[in-house]
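Structure first, commentary second.
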Amino acid sequence: MTATFSPTGRDTYVGTARSRVDGPAKVTGLAKYAGEFAAPDLAHGYVVSSRIAKGRILSIDTSDAEKVPGVVKVLTHENRPRTAFLAMNYRDMVAPPGSPFRALYDDKIHFSGQPVALVVAEDFETARFAASLVRVTYEAETPATEIAELKDLAYDPPKKRSGIKPPPEPWGDADAAFDGAPVKVREDYRLAIEHHNPMEPHASTVVREGDGKYTVYDKTQGVANSHGYLTAVFGLNKADVRVVNPYIGGGFGSGLRPQYQLFLAMLAARDLDRSVRVVLTRDQMWTFTHRPDALQTVSLGAGPDGALQALKHDVIQETSRYEDYQETIPNWSGVLYRCDNVAMSYRLAQTDMATPGDMRAPGAVTGVFAIETAMDELAQATGQDPIALRLRNYAEADATAGGKPFGSKELKEALRQGAERFGWARRNPEPRSTREGRELVGWGMACGIWEAMMQQSSVHAALTPDGRLELGNATGDLGTGTYTILTQIGADALGLRMEDVTVKLGDTRLAEAPVAGGSWTAASSGTAAMRACRDIAEQAFRLARGLDESPLANVEFDRVVLEGGRIAVADDPARSMALTDVLRKAGVERLEATGKAAPDKDHAKQFESYTHSAIFAEVKVDEELGQVRVTRIVSAIAAGKILNTKTARSQILGGIVMGIGSALEEESMLDHRLGRFMNHNLGEYHVPVNADIHDIEVIFVDEEDKANPLGVKGLGEIGIVGTAAAIANAVFHATGKRVRHLPITVDKILG
Amino acid sequence: MLIESGSPVAADQRIDISLTINGETRALQVAPWTTLLDLLRERLDLTGTKKGCDHGQCGACTVLVNGTRVNSCLVLAVMKDGAEITTVEGLASLQGPGSNALHPLQEAFIEHDAFQCGYCTPGQLCSSVGLLNEGHAKSREEIREAMSGNICRCGAYTNIVDAIEDVMQAGGSR
Amino acid sequence: MNRFEYVRAGTVSEAVAALAADPSARFIAGGTNLVDLMKYNVERPSRLVDISRLPLDAIEERDGGLRIGALVPNATLAYDERVRARYPLLGDALLAGASAQLRNAASTGGNLNQRTRCYYFYDEGTPCNKRQPGSGCPAIGGVNRIHAIFGTSAHCIATHPSDMCVALAALDATVRVEGPKGERSIAFSDYHRLPGDDPQRDTTLEPGEIVLSVDLPERGFAERYTYLKLRDRLSYAFALVSVAAALDLDGDTIREARLALGGVAHKPWRNREAEALLKGKPATRDSFQAAADLIVREAQPQSQNGFKIELARRAIVRGLEQAAAGTPQSSSDKRIQ
């Protein structure tokens, strides 16, 4: 049975297609983002970025900049005010092990584009102009940014990053089994470094409220994280800082950690005792986080029937010199496929770049591209159909977790439905077998996987005598639809209309929530919202029953339904009261409750939780000229209960579009001599444009899951995972050419 | 100061211009380097128009100048003296003076879920209005090509095309 | 962006005078490239001369051809009925470039004078001989998959990014300019230059000269032409290689061939020897391949752009095939014919 949210057992809104409740604000331009809040005493900061990647600053001459009328101050490492001394204080909630980067800390340069000065002026244009007059001289050292040359220095990170699974202990004897396997695939795989590039550049507006209090509008995926960082770094009282971010113009992971513009804005605000806004330029979006480079080798040994006998997945991933950023990369291979001899490794190599960070489905995008391409190679080598090969090696339990069963796994159904909709049965398995005019047509597929997670969250609910419900939760809506699904849950739980429900998000004054990431928000904050509303429902019921001549007298809570704004006896609907009357007659100004949610430990002891997908891609390749078009994608998703089929579909569409970018276009190109990304703009770092995107079909497969009372698993990541592999496999099917190093650009088709 | 043809205006002078923004004519004093985008966002609190790249590479800043879509980040405000500017905040008013109803494209964008984070949306909307005004794009393929100057990192492209096609088929109004 | 004086020019002579008065002044019309470069501090003009109100925005009939005013926006030009009917190659090239918004703002003259998209040129944190003569060219041996394969020098390997200019080169247009010394006309192939020892100069414009118009001769090759552009995504991206091809056929025999390449050199690349080779030959793949081979014979790869040589060779053949078949490349249907 699918979980339901309303005490009636009938959901009006949950599970249906509903338009975004924040839609009107977004289409009229009224939705305000972090860099758009103002204050009467607002000053504007513009960041000066380092042109070298490694070395130290010899001198900074700010005199010309300071002479410009309207310049308030130029902050550098030489004149910055003191902040917390210990590195520990700079570690945010999701920081990897290490000592975080501190802007303007000293003369040392750790990465190209590192902020070396902040010019603060009365207006943005003056700050920008003055920034061009800051003269910095450096002593440059040779940077190292090519991990292929740093392999020998790779190491097992001594401290593990919280929440990131290191590779499991090997089982069986993978090397011996590989050596003895009748069919072998051993190949290297690599993705280009990618940058998140949300459309909204990172921005922070620190508004000085007086009495040492600040309201901070920060582009963040977690106001609590920015709040904790600011109080720890600047020694501020928790109550004196409020961090707000009602809308975020895309995050994809780039807003999980407080970025340096937040530090600089508060630094300047404290120093100048006025409000300060710092907005990064698009170029500067290449100076703080990225999806890391990783060298991967996958070795598959199999019988002639494709049954896996050995599976090895070895990874060396880039990190910075100051933090051991970690992702879960190889493990997915062992979760997806059953094999008796498995060995996985994961090591880091330090480069002179900024610490990489989580970017949509971190680790899974990387690891699943490798295993799902390797599986396609195995299918080719054994003459198996790619779906049949996956079914032959289908894992019914998580071998990386000691064989624990999955709470739910409808991947087989996703494969079946996806294949049917795509028309996979009509595929001629022979590469280069299908041609349309000058183009070769290829069909490829891959599976995707992401962990279904939950975090502690809480939602505050308040019902007022006008029949309006307000829900508050500190998490952010990055475009994920959180405003909308919480509205649906609240409306169904109390039998209200969606328009009677207001959801507030992105404010540290609201009930505590984790950072919005990992696809855990719907499960975590959704469950908390449902519990808060149930609590309200029960309070309202008690009030109603206690009233004189109550129609609900002598009724128990489990016998009532909340529907159409009324509490009614389920089997005697004539006995009912409007919620508004209940509150008015009881003389109550508001009913309040806080609902809490946390991972179900009992469930987690018994089961492992993942979302899955089956992605089918059609490409058309003009082989002679190297042009690849992705003409069709079908993605079948098994991710538990779907709360809103409209916004859910959009989440998956977005993941697929980013996956197409990853497969064909996205590549931050380094000049290793300079240690600098050279295509640091949206003209030369290619993300998909409208013309690149053709038909995309999303299927949600029914899947019942009990890890949380909503039965939801989360959708933010799963859409992207495996998409690039499906496309690369389709390119192989079209052309017979296997591209193992993304993106698949013209040169790789020609070469 | 007032601008006079052929006479240089020194860098420290502000220049008098007049712009009609969303139907309201405004006398403004601007520096020569102030872009239309910065004027809207920083001076006039019309923050609906977004700055995504500031270099004409994303389309988030798209507005209509005399009915034609352009990247406001690359337009010096002083050069548009006398022009009519429509931003996302003024799309509703395109249906007639004082109209508060959403523009058909705004409604279609909501209906088709043609956005997620919303940051590219004002630019997508103004660009769509420009596209309809131009009248060149008819098929889905042509809409896709004609909307390729507006990047949506959330990947709402197929829904954006659905929304535009919907309005186009209804003859500009739904 | 630096601080600058602003001059609004009312007449061409006023514009020329305003520019001549200040050696580091720049004309501004659409602003789509100049404002972009100023925000990167690549251009730091002391004065901007606003020419956007000059009466140079007409498309006029002249000597059987068309005179395109320097201020005609790219979109207006692309959709002009005379251009669509008589010079569709030019219209298609325009529509292959940039985005609808940029085409609405960018002017014809500005398109001619747009600057390279070399990463290093755009990044003031790195040396660049074009931006700062004598500082060096890190694109050589650096990130250069988009760079030139023809006509490079030891000082610069940048390309000219325009699509429009590739078509104008193929169509044998003329650029009419006016400067302190008066008016003159420049053959299109002489307008842009190769980097040589002074890559800071993109064109042969003399100091103080303004573009008045681009003049098209009568022949527009409206029957058999194509603009084929290959790039890293299907729209809104600069060319890796583009081909403007135009043919005049007598039955199956080539009477005249025009061929210009974009994305491969510091200027639109024309090889008249290859065009001459095609003359009188049958319009077949073999002939086209021979011309392509001749053209790419002098190509020089950089560390990352060797693929462009083969890509150019194949694009030339395909472009000529499209032109011969009378099936020009569509800008919205991304399937290459």
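In the text below, chain A, chain B and the rest are named by the order of the sequence lines, each starting its count at 1.
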Requested in this report: Could you walk me through whether A:Val746 and C:Leu240 pass the side chain to side chain contact (heavy atoms under 4.5 Å, CB included) test, one step at a time?
Outcome: CA-CA 9 Å; A:Val746 173; C:Leu240 290 166; 3.9 Å; yes
Report task. Please lay out, stage by stage, how A:Arg438 and C:Glu321 fare under the test salt bridge (Lys or Arg N to Asp or Glu O under 4.0 Å). Result -> CA-CA 12 Å; A:Arg438 296 212 186 239; C:Glu321 283 181 335; 2.8 Å; yes
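There is no side-chain donor-acceptor pair under 3.5 Å between C:Tyr119 and A:Asp671.
Taking chain A as the reference chain and counting heavy-atom pairs below 4.5 Å, the highest number among C:Arg314, C:Arg231, C:Arg318 is found for C:Arg318. In terms of non-hydrogen atom pairs under 4.5 Å with chain C, the most contact-rich of A:Arg128, A:Lys620, A:His672, A:Glu667 is A:Arg128. Of the listed residues C:Ser332, C:Ser235, C:Ala315, the one with more heavy-atom pairs under 4.5 angstrom with chain A than any other is C:Ser235. Contact tally against chain A (heavy-atom pairs below 4.5 Å) for C:Val317, C:Val241, C:Val143: the top residue is C:Val143. For the options A:Arg629, A:Met669, A:Glu665, A:Arg51, heavy-atom pairs under 4.5 Å to chain C are most numerous at A:Arg629.
Residue contact with chain C, scored on non-hydrogen atoms closer than 4.5 Å, is absent for A:Ser49. Neither the backbone nor the side chain of A:Ile744 has a heavy atom closer than 4.5 Å to any heavy atom of chain C. Using a 4.5 Å cut-off between heavy atoms, A:Leu670 touches chain C through its backbone atoms (N, CA, C, O) alone. If you measure heavy-atom distances from C:Asn41 to chain A, the contacts under 4.5 Å come from the side chain alone. The contact between A:Leu625 and chain C is made by backbone and side chain atoms together, counting heavy-atom distances below 4.5 Å. Heavy-atom distances place both the backbone and the side chain of C:Arg3 under 4.5 Å from chain A.
Looking at heavy atoms from C-beta onward, A:Asp622 lies out of side-chain contact with C:Gln337 at the 4.5 angstrom threshold. Between C:Lys334 and A:Asp692 there is no side-chain heavy-atom pair separated by less than 4.5 Å. A heavy-atom distance below 4.5 Å is not found between the side chains of C:Pro138 and A:Met678. Side chains of A:Thr745 and C:Arg145 form a contact here, defined as non-hydrogen atoms less than 4.5 Å apart. Side-chain contact between C:Leu311 and A:Leu750: present, with at least one pair of heavy atoms (C-beta onward) separated by less than 4.5 Å. A heavy-atom distance below 4.5 Å is found between the side chains of A:Asn681 and C:Tyr40. Inter-residue side-chain proximity for A:Glu436 and C:Arg335 is flagged as unmet; no heavy-atom pair is nearer than 4.5 Å.
Put simply, CD1 on C:Ile336 and CD on A:Gln627 are 3.5 Å apart, with the number rounded to the nearest 0.5 Å. Here CD of C:Glu124 is found 7.0 Å from OG of A:Ser132. Values are rounded to the nearest 0.5 Å. The CG atom of C:Asp232 lies 12.5 Å from the OH atom of A:Tyr685; values are rounded to the nearest 0.5 Å. Here the NZ atom belonging to C:Lys39 is positioned 11.5 Å from the CG atom belonging to A:Asp283, to the nearest 0.5 angstrom. The distance from the CZ atom of C:Arg313 to the CD atom of A:Glu624 is 11.5 Å, given to the nearest 0.5 Å. Once rounded to the nearest 0.5 Å, the distance linking CG of C:Leu234 with CG of A:Asn690 reads 11.0 Å.
In terms of heavy atoms, A:Glu684 sits closest to C:Phe238 at OE2-CD1, 3.6 Å. The nearest pair of heavy atoms linking C:Ala237 to A:His686 is CB-NE2, 4.0 Å. Scanning both residues, A:Arg673 and C:Gly142, for their nearest heavy atoms gives NH2-CA, 3.2 Å.
A 6.0 Å sphere centred on CD of A:Glu146 holds more than 12 heavy atoms belonging to other residues, nucleotides or ligands.
Results of the side-chain contact (heavy atoms from CB on, under 4.5 Å) test with C:Arg233 over A:Val687, A:Ile660, A:Leu664 single out A:Val687 as the only residue that passes.
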